[in-house]
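Whatever order the structure lists them in is the order used to number ligands and atoms, beginning at 1.
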Amino acid sequence: VNSKATVTGTFVLSVFTAVLGSLEFGYNIGVINAPQKMIEQDYNATWLQRYGEPIPSGTLTSLWSLSVAIFSIGGMLSAFCLGFVSEWLGRRKAMLINNLFAFIGGSLMALSKLCRSFEMMILGRFIIGAYCGLASGLTPMYVGEIAPTSLRGALGTLHQLAIVTGILIAQILGLEVLLGSQELWPVLLGLTVVPTVLQMSFLPFCPESPRFLYIVRCQEHQAKRGEQEVGDMLAEMKEEKRKMEMERKVSILELFRSPLYRQPIIISILLQLSQQLSGINAIFYYSTSIFIKAGVQSPVYATIGAGVINCAFTVVSLFLIERMGRRTLHMLGLGGMCICAVIMTMALALLDSVPWMSYICMLSIFGFVAFFEVGPGPIPWFFVAELFSQGPRPAAMAVAGFSNWTANFIIGMGFQYVADLCGPYVFLIFAVLLLFFLIFTFFRVPETRGKTFDQIAANFNERSVGGMMDMDMDMDLDKPSTELDYLGEESIN
Ligand SMILES: *[C@@H]1O[C@H](CO)[C@@H](O)[C@H](O)[C@H]1NC(C)=O
């Protein structure tokens with residue numbers, strides 16, 4: 001059998017359709033950045049009309065922060081349901097039904113100005129967040145499952161690429177001359193239904209994931225249908241199924257209880273936190289207002305500049321990830337971000353006395369974004385999948401997703417307050433956090449590139465048996481590992 005998979009039209013359509021979900025996820029991360037001032041003015045006008053007085057500025061900050069951050073609450077809740085929904089409905093039907101959320105959420109946001117209701121806007125953000133929580137899990141899952149092995153790595157990165165492209169599109173459309181104006185911002189927010197409609201109309205022509213049909217639903221015939229080169233794939237799926245049957249499903253509670261999983265789950269959670277608490281979303285949600293504070297002349301274009309750099313470095317990291325190790329890249333990214341955050345703080349603090357510091361500030365934000373995409377952006381997601389085998393993986397992914405969205409919420413909700421409180425020194429907080437995560441990664445995170453799961457697990461086991469809290473971090477994964485090591489207590493049954 002020819003191992004080079006033939007790429008059919010249906011396959012391309014399926015990948016494209018699925019990735020529209022990631023695009024929409026990115027769009028909704030980036031979209032509220034540019035029109036912040038306009039929307040705030042409308043909140044103010046609504047308040048004035050309802051209560052006969054201008055909105056107190058504290059209330060406005062709360063309402064705006066809530067509008068930004070409630071998105072993550074939606075995402076947190078739905079990300080938690082991902083495992084259940086994707087098994088119950090199947091990947092394809094789950095994506096189809098998920099689109100209803102996007103449709104309702106987008107419409108609520110688009111109509112909120114017309115109806116003079118910030119409640120609608122906030123509810124809309126919540127619902128679109130719920131869509132994004134599911135989409136951010138379903139897309140990589142579906143694409144990974146329909147992709148032939150030889151293309152899986154490359155196609156997997158399309159998810160991240162589509163997210164950053166979505167952010168960039170939102171930033172460009174958010175220009176005041178396009179849709180970021182006082183009259184048109186509802187259109188900007190409502191445009192999120194366009195990929196939804198596209199996805200809904202294409203999905204009926206996409207096949208259900210053969211892996212889902214075979215492994216979860218045990219339908220060999222269905223799985224074979226619609227797939228030409230099933231020979232390889234079926235053998236592989238059989239192997240996967242056999243492995244799954246060997247391993248018991250692990251619950252979330254067990255993940256924390258069993259010494260076998262405790263180390264990897266702590267690492268997974270901290271990696272997710274390092275992604276969100278690095279302060280990157282403070283940039284994506286609030287860069288325009290940061291640039292205004294920094295005295296950059298055209299803040300919206302600077303935001304777009306950050307979006308372009310974001311895209312470019314995502315592509316760069318796609319090439320780096322398989323060459324350099326994940327651990328190295330993650331540390332490089334964290335270290336770079338930390339330095340940029342310090343420079344940014346100094347530039348903001350010196351702004352009054354040295355006018356050209358606004359350029360330094362802008363450049364350091366660009367550097368911050370670039371280093372993010374080198375490591376902390378893409379790596380935490382697939383690292384979780386690499387640390388856990390089939391049995392504990394779904395529970396681990398749920399825990400990781402939950403921590404990610406929780407941290408995302410904390411930043412979305414808290415940043416504006418803390419920024420008002422600390423002024424130019426707000427990014428020092430992120431610098432300290434970044435330094436902490438850098439040190440943690442150095443001492444605790446193993447390299448997984450080119451290692452089989454058995455080798456990774458063996459390393460954790462060795463350490464959990466021989467003094468887990470022992471600070472000499474012997475990351476030597478190349479030691480030959482006996483199979484007994486890895487199977488540990490589970491091999492008894
Ligand atoms: C709200 O609008 C009023 C009048 O249009 C204005 O004076 C006030 O500064 C605005 N408040 C805020 C917090 O923007």
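Between Trp405 and Phe25, the ring planes lie tilted relative to each other; the angle falls in the 30° to 60° range. Note on ring orientation: taking the six-membered ring where Trp is involved, the planes of Phe372 and Phe284 are perpendicular (angle over 60°, cut-offs 30° and 60°). Using a 30° and 60° split on the angle between ring planes, Phe84 and Trp88 fall in the parallel class, below 30°.
Residues in residues 288-307 take part in these side-chain hydrogen bond (donor to acceptor under 3.5 Å, both in side chains) pairs, two or more places apart or across chains: Asn33-Thr288, Ser287-Thr303, Thr288-Thr303. Within the structure, salt bridge (Lys or Arg N to Asp or Glu O under 4.0 Å) pairs that include any residue of residues 117-136 comprise Arg50-Glu119 (at least two apart or interchain). Applying the side-chain hydrogen bond (donor to acceptor under 3.5 Å, both in side chains) test to residues at least two apart or on different chains, the pairs with a partner in residues 162-191 are Asp42-Gln182, Asp42-Trp185.
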Are there any N/O pairs under 3.5 Å between ligand 1 and the protein, and if so, what are their distances?
unit_1   : atom_1 : unit_2 : atom_2 : d
ligand 1 : 2 (O)  : Asn44  : OD1    : 3.4
ligand 1 : 2 (O)  : Asn44  : ND2    : 2.3
ligand 1 : 11 (N) : Asn44  : ND2    : 2.8
ligand 1 : 14 (O) : Asn44  : ND2    : 3.4

